[in-house]
J.: 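Quick one: the structure is below, and I'll ask about it shortly.
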Amino acid sequence: MITLILVAASCGRQDGITGDWYALHDKSIVTISFGQDGMLGFYNEAFSSMTFSAHYALDEEANPMMLDITESTNGMGGAGILRQNADGSLDMNCVFGMPGMIERPQEIGPENASMTNLYFHLVRDRKALESELGPEVKVPAEAALAFERNRRLGAGINLNAVVDGNLHPGYERDAPLADDEIRSIADVGFQSIRLDVCWVKHCAQDRPYTIDPAFFEKVDHIVDVALAAGLAVSIDQHYYPYINMSYPDDQISMDENYERLVMLWEQIAQHYKDYSDETLFFDILNEPNVEMGAEKWNWLFNRVIKKIRETNPGRTLLIATPNMGQSWTLNYLELPQDDWNLIVQFHYYLPHTFTHQGLAYAMAGDSAGTVWNGTEEEKEPIRSDLDFCSRWSKRNGRPLNMGEYGVVNTADESSRVRYIGFILEEARKRDFSSHLWGYREPFMIRDEKTGAWITPILDAMKLK
Ligand code: GLC
């Protein structure tokens, strides 16, 4: 009897709204705390850009309840509607945006959600949500190999714009690369390179899309010199304009493009099959874009893996996360449960307005001059994001590669030094391998005219 009363009291509306609530959002856990002091805490364990505190006002008498979020630490406001269900859970839709531009949602439910109108099913019991993330993964002993290989990648650099220029307007150029430059990468202490290649630019227009042998020779040369210098090499299918950059293709359909990606990998895999599995890696596709979606990407990379395995049973492969290689999309990956020789790759560039400052292609054109002082307030969100990745890696038994991070070279140099040093240190602490972006402009850490490395950045990276 007593139990019944307690249960009733803790489930009903009389429970009140104050306290902590949990919801699954983008397959990770969000905590929303309604403080008695009028302060709201919003914590996204996977994505620090959606973590903030704010003032809130809640009209509990209204039906549905009305929520207003103001004076938020991330500059955004919110207007929401909430309903409490018979089981005590809450359903909420809330529009977030710049103050003055927020329209309160009309209806509650996931079907009303959009980029700005977010839907949450909030419960008090965090453990119950954790179990919704899926059963505990049984990690076999063979998973250790990929972790070992990931250590071999260690701290590396993206060798970009050496065979194919950056495809962003204004940065298309590529320049010849001298062998000494490759050796210098090893000399300053990098352990590996991620070689960014746009394979689709170098194949025949028609099936079976034969890759130009002269182009293979060019890539072979870089790979051979790098391996001889002691660098591990990850060959990346970087730009694939139709698949990961949404360029329209008037020659062949999207499905044929997916097919072509598989056929390109078939050839690359065949070509490098006799190279050592210890030091040569394949990185299947850079930043699969938002339009492709997680489902398509899961389908596509599983096909590519199977094709590569026909000739390269022992090669370690790198698999990017969906939605532009973001870290918060890790839970969307559906990795093959019979293949443990995989490293999962994410890219980390937050805060974006600092790392991409002034770059119009990255929608950060007006953020030039942003500095990064390395305060605790700046470091904390980054640690929180990387901790999420680390928990994912442990839970799933998959090693992680931070395949890109870096700061545009027009940013204040001491900010770059602090940020790059900090990110790499945090990656190392968590056993992530990494590749700085990049060797060539606009994120380079060398003087492009003299070829001299920017020593303070190298020093901060503690490569030796
Ligand atoms: C991604 C893009 C590359 C860009 C870099 C930094 O790798 O593919 O073109 O330069 O991110 O924004």
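This chain uses plain numbering: 1 for the first residue, then up along the sequence.
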J.: Would you please say whether a donor-acceptor pair under 3.5 Å links the side chains of Thr370 and Gln357?
T.: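 There is no such pair between these side chains.
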
J.: Is the His356 ring parallel, tilted or perpendicular to the His352 ring (thresholds 30°, 60°)?
T.: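 The rings of His356 and His352 lie parallel, inter-plane angle below 30°.
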
J.: Less than 4.5 Å apart, side chain to side chain, heavy atoms only: is that true for Asn158 and Ile193?
T.: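 Side chain of Asn158 against side chain of Ile193, heavy atoms only: no contact under 4.5 Å found.
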
J.: Does a donor on one side chain sit under 3.5 Å from an acceptor on the other, for Asn117 and Asn112?
T.: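 There is no such pair between these side chains.
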
J.: Between the side chains of Lys429 and Glu426, is the shortest nitrogen-to-carboxylate-oxygen separation below 4.0 Å, so that they form an ion pair?
T.: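 Looking at Glu426 and Lys429, the cut-off is met.
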
J.: Salt-bridge test for Glu107 and Arg83: reply yes if a basic N is under 4.0 Å from a carboxylate O, no otherwise.
T.: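 Arg83 and Glu107: not salt-bridged.
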
J.: Restricting to side chain to side chain contact (heavy atoms under 4.5 Å, CB included), what partner residues turn up for Gln337, sequence neighbours left out?
T.: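 Partners of Gln337 by the side chain to side chain contact (heavy atoms under 4.5 Å, CB included) criterion, ordered by chain and then number, come out as Val137, Trp340, Arg398.
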
J.: Between Glu148 and Arg152, does any side-chain N to carboxylate O distance fall below 4.0 Å?
T.: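 Judged by the 4.0 Å cut-off on N to carboxylate O distance, Glu148 and Arg152 do not form a salt bridge.
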
J.: Side chains of Asn298 and Tyr332: do they bring a donor and an acceptor to under 3.5 Å?
T.: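 Side chains of Asn298 and Tyr332: no pair found under 3.5 Å.
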
J.: Any salt bridge (Lys or Arg N to Asp or Glu O under 4.0 Å) pairs touching residues 333-353, not counting sequence neighbours?
T.: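 Qualifying pairs, neighbours excluded: Arg309-Asp339.
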
J.: Run the salt bridge (charged side-chain N to carboxylate O under 4.0 Å, His left out) test against Glu404 and tell me which residues pass, sequence neighbours left out.
T.: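 Residues passing salt bridge (charged side-chain N to carboxylate O under 4.0 Å, His left out) with Glu404: Arg194.
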
J.: For the residue pair Leu285 and Trp297, what are the closest heavy atoms and their distance?
T.: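 Here Leu285 and Trp297 meet closest at CB-CH2, 3.6 Å.
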
J.: What do the steps show when you test Lys379 against Glu425 for salt bridge (charged side-chain N to carboxylate O under 4.0 Å, His left out), and what is the final call?
T.: CA-CA 12 Å; Lys379 288 177 174 174; Glu425 185 186 345; over 6 Å; no

J.: Please state whether the rings of Tyr419 and Phe354 are parallel, tilted or perpendicular, taking 30° and 60° as the class boundaries.
T.: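 The rings of Tyr419 and Phe354 stand perpendicular, inter-plane angle above 60°.
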
J.: Phe282 and ring-ring contact (aromatic ring centres under 6.0 Å, His included): which single residue from Phe301, Trp265, Trp199 fits?
T.: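 That would be Trp265; it is the only one of Phe301, Trp265, Trp199 passing the ring-ring contact (aromatic ring centres under 6.0 Å, His included) with Phe282.
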
J.: For the side-chain contact (heavy atoms from CB on, under 4.5 Å) test, which of Glu287, Met245, Lys201 pairs with Tyr239?
T.: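 In the set Glu287, Met245, Lys201, the residue that makes a side-chain contact (heavy atoms from CB on, under 4.5 Å) with Tyr239 is Met245.
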
J.: Is a salt bridge present between Arg260 and Asp249, judged by a nitrogen-to-oxygen distance below 4.0 Å?
T.: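 A salt bridge links Arg260 with Asp249.
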
J.: Any chance the rings of Phe346 and Phe388 have centres within less than 6.0 Å?
T.: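 So the answer is no for these two rings.
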
J.: Between the side chains of Arg149 and Thr316, does any donor sit under 3.5 Å from an acceptor?
T.: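 A donor-acceptor contact under 3.5 Å links the two side chains.
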
J.: Could Glu378 and Arg418 be called an ion pair, given the rule that one side-chain N must be under 4.0 Å from one carboxylate O?
T.: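 Between Arg418 and Glu378 there is no salt bridge, as every charged N stays at least 4.0 Å from the carboxylate O atoms.
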
